[in-house]
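All remarks here apply to the structure that follows.
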Amino acid sequence: MDLYAALIMLLLSGVFSSSALRQYEFVQMSVNCTEAQRYCRQNYRDLATVSNSGDVTELMRITSGVSNWGFWIGLLKSLSSEWRWSLGDPAFYAKRDSLYRNWAPNQTSGSLDCAFMNQDGLWRIDSCVAQRFFICYNDTSKGFIPVQQMMSWRSAQSFCRANHMDLTSVSNQTENQQIQQLMNTSGANSAWIGLFRDPWEWSDKSPSSFRNWAPSEPNGALEDATVMVISGPRGKQWEDWPCNSTNPFVCYEDEFTLIKQNLSWAEALRYCRQNHVDLVSVTSEQIERRVMTVARKASTAAVWMGLHHYCAMNMWLWLRGEVLYYQNWAAEEGNGPPDCGARRVGAMQTAGDQRWISLPPTRTLNFVCSNYD
């Protein structure tokens, strides 16, 4: 048995595991938000950033059963307000899609904070308590869902999150025209979209615009930090509190790390296992979106993943033995080499649609390490 075959057998004997989307650590030490931020930055990456409802669920899981009423997360009030999408996970957007805007003239200078689309396709602002039809986005069907119920922007957001994914984002002119056509077909003169303005930002400067405020929150001019409530009617939801109050807190560790060194696949594998956990496995579309975001910053045309072709069984496997239930190969890729002597491993392209390609393991590329199982 040669060294490569021995390595494959070792990899196949590993325990199957699934990757969490962010590694959180609950710290049961009551301090103000500045001290919590300092502790997280010294011992982890930063105070917790929350990008989607899955992150909320994970935070509730790790704090289940504790006696504290709530804990600090990393959302802090800034001096300026920015327009952000309710569907706030940065991994959802490709390139600069989250920056697309289609404002009607003289809109963004006003003091109102929620956006709607008019039947002409242009966007306008209004008070968030105004009643309108609205457009949800459904992640399963990848479609826009017009809802012909009159609700405030916040109520519409809650409805979409409970029944679909979120209030819709609009990433380009094509999507804008699709939504405009849906509105005209359903007879809606205007409809809320997921764009809102607020002065809150994450401690780590993450572009995540996900918010999960409790009703009537945020509500304090001098309340400049965010607590996530653990239990009671406001469980999972957020309240704004003065930073000088004291609470326990949650830190987070980086999910994936891009290494801008040009190494062979075996060298990259060794580096990740010595300095992190492993070369990255991309076992779902949700994980892939996050890896794509990291990979776009690479200096090579592709980055190594922990994907290899096991020629004896003619199948592609992740390093811990997972079969490719989810895959995203470029055209004419993923079939394996015609000759078992020509070993192939997997990489993700760093530009365009970032599909997967197979390459000889002797090529040298940047690579992505995972930081936890």
Side-chain angles (χ1 to χ4, degrees), residues 21 50-57 83-104 114-124 126 128 130-196 207-212 282-293 325-331 352-355:
L21 294 180
V50 185
S51 295
N52 51 52
S53 58
D55 289 346
V56 172
T57 299
W83 286 97
R84 314 176 195 275
W85 290 108
S86 176
L87 206 172
D89 191 341
F92 179 80
Y93 302 95
K95 298 180 181 177
R96 296 174 63 83
D97 283 354
S98 65
L99 301 180
Y100 174 78
R101 303 289 185 264
N102 196 38
W103 293 113
C114 288
F116 67 93
M117 184 185 294
N118 215 32
Q119 61 186 153
D120 60 5
L122 296 176
W123 306 354
R124 292 171 170 80
D126 199 358
C128 299
Q131 303 287 304
R132 278 197 166 77
F133 296 153
F134 52 97
I135 308 293
C136 299
Y137 176 75
N138 189 296
D139 193 39
T140 302
S141 64
K142 311 296 183 187
F144 306 112
I145 313 296
V147 180
Q148 297 188 55
Q149 297 183 44
M150 300 288 280
M151 292 188 186
S152 68
W153 189 92
R154 183 73 68 84
S155 295
Q157 180 191 54
S158 297
F159 179 97
C160 291
R161 287 179 176 177
N163 295 282
H164 300 286
M165 184 179 186
D166 213 318
L167 270 171
T168 192
S169 299
V170 188
S171 298
N172 51 56
Q173 185 61 28
T174 299
E175 291 184 358
N176 201 84
Q177 291 172 347
Q178 290 173 349
I179 294 171
Q180 181 185 0
Q181 184 176 359
L182 280 173
M183 289 173 53
N184 292 332
T185 300
S186 62
N189 293 325
S190 66
W192 291 125
I193 56 176
L195 196 64
F196 69 103
S208 170
S209 59
F210 180 81
R211 306 288 185 266
N212 198 41
V282 182
T283 54
S284 70
E285 183 178 4
Q286 192 174 20
I287 293 173
E288 181 178 50
R289 288 174 178 171
R290 294 178 181 272
V291 176
M292 283 177 169
T293 301
Y325 295 110
Y326 174 79
Q327 50 192 302
N328 192 24
W329 293 105
D353 56 10
Q354 294 185 258
R355 292 186 180 272

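Quantities reported herein were computed from a predicted structural model and do not represent experimental measurements. For the single chain, residues carry numbers from 1 onward in sequence order.
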(message) Tell me if the aromatic rings of Trp83 and Trp123 count as close, with their centers under 6.0 Å from one another.
(response) no

(message) Quick one: does any side-chain atom of Gln119 pair with a main-chain N or O of Gln180 as donor and acceptor, under 3.5 Å?
(response) no

(request) For a side-chain contact (heavy atoms from CB on, under 4.5 Å) with Met117, tell me which candidate from Arg132, Met183, Arg124 qualifies. (result) Met183

(request) Please collect all disulfide (SG to SG under 2.5 Å) contacts where either partner lies in residues 131-191, sequence neighbours excluded, each pair once. (result) Cys136-Cys160

(request) Flag yes if more than 12 heavy atoms outside Gln181 fall under 6.0 Å of its CD atom; otherwise flag no. (result) no

(request) Carefully, step by step, assess Asp166 and Trp85 under the rule side chain to side chain donor-acceptor pair (under 3.5 Å). (result) CA-CA 10 Å; Asp166 213 318; Trp85 290 108; over 6 Å; no

(message) Looking at every non-hydrogen atom in both residues, tell me the closest pair between Asn102 and Gly121 and how far apart they are.
(response) ND2-O, 2.8 Å

(message) Could you walk me through whether Phe210 and Val56 satisfy the side-chain contact (heavy atoms from CB on, under 4.5 Å) test, starting with their C-alpha distance in whole Å, then the side-chain angles of each, then the deciding distance to 0.1 Å, before giving a yes or no?
(response) CA-CA 10 Å; Phe210 180 81; Val56 172; 3.7 Å; yes

(message) Quick one, Trp192 and Asp126 - any side-chain contact, counting heavy atoms below 4.5 Å?
(response) yes

(message) To the nearest 0.5 Å, what is the distance between CD1 on Ile179 and OG1 on Thr168?
(response) 4.0 Å

(message) Is any side-chain heavy atom of Gln178 closer than 4.5 Å to one of Thr174?
(response) yes

(message) Please give me the minimum heavy-atom distance between Ser51 and Arg290, naming the atom from each residue.
(response) CB-NH2, 4.1 Å

(request) Mind checking the OH-CG spacing from Tyr137 to Leu167? Nearest 0.5 Å is all I need. (result) 14.0 Å

(request) To the nearest 0.5 Å, tell me how far Leu182 CG sits from Gln177 CD. (result) 12.5 Å

(request) Could you check whether the rings of Phe159 and His164 sit parallel, tilted or perpendicular, using 30° and 60° as the cut-offs? (result) tilted

(message) Show the nearest heavy-atom pair for residues Ser86 and Gln157, with the distance to one decimal.
(response) OG-NE2, 2.8 Å

(message) Quick one, Val170 and Tyr100 - any side-chain contact, counting heavy atoms below 4.5 Å?
(response) yes

(message) What I'd like to find out is whether the side chain of Met292 reaches to under 4.5 Å of the side chain of Asn328, using heavy atoms alone.
(response) yes

(request) Output the distance between atom OG (Ser169) and atom CD1 (Ile135), rounded to the nearest 0.5 Å. (result) 12.5 Å

(request) Check Cys128 against Ser152 and note the closest heavy-atom contact, atom names and distance. (result) O-CB, 3.4 Å

(message) Would you say that Leu195 contacts Trp103 through its side chain, given a criterion of any heavy-atom pair below 4.5 Å between the two side chains?
(response) yes

(message) What I'd like to find out is whether the side chain of Phe133 reaches to under 4.5 Å of the side chain of Met150, using heavy atoms alone.
(response) yes

(message) Going by salt bridge (charged side-chain N to carboxylate O under 4.0 Å, His left out), name the residues that satisfy it together with Arg84, two or more places apart in sequence or in a different chain.
(response) Asp198

(request) Please check if the side chain of Asp120 supplies one atom and the backbone of Leu122 the other of a donor-acceptor pair under 3.5 Å. (result) yes

(message) What I'd like to find out is whether the side chain of Arg161 reaches to under 4.5 Å of the side chain of Asn212, using heavy atoms alone.
(response) yes

(request) Over all heavy atoms of both residues, which pair between Val50 and Ser208 is shortest? Give the atoms and the distance, please. (result) O-OG, 3.1 Å

(request) Evaluate the ring planes of Trp153 and Phe196, with Trp represented by its six-membered ring, and classify them as parallel (under 30°), tilted (30 to 60°) or perpendicular (over 60°). (result) tilted

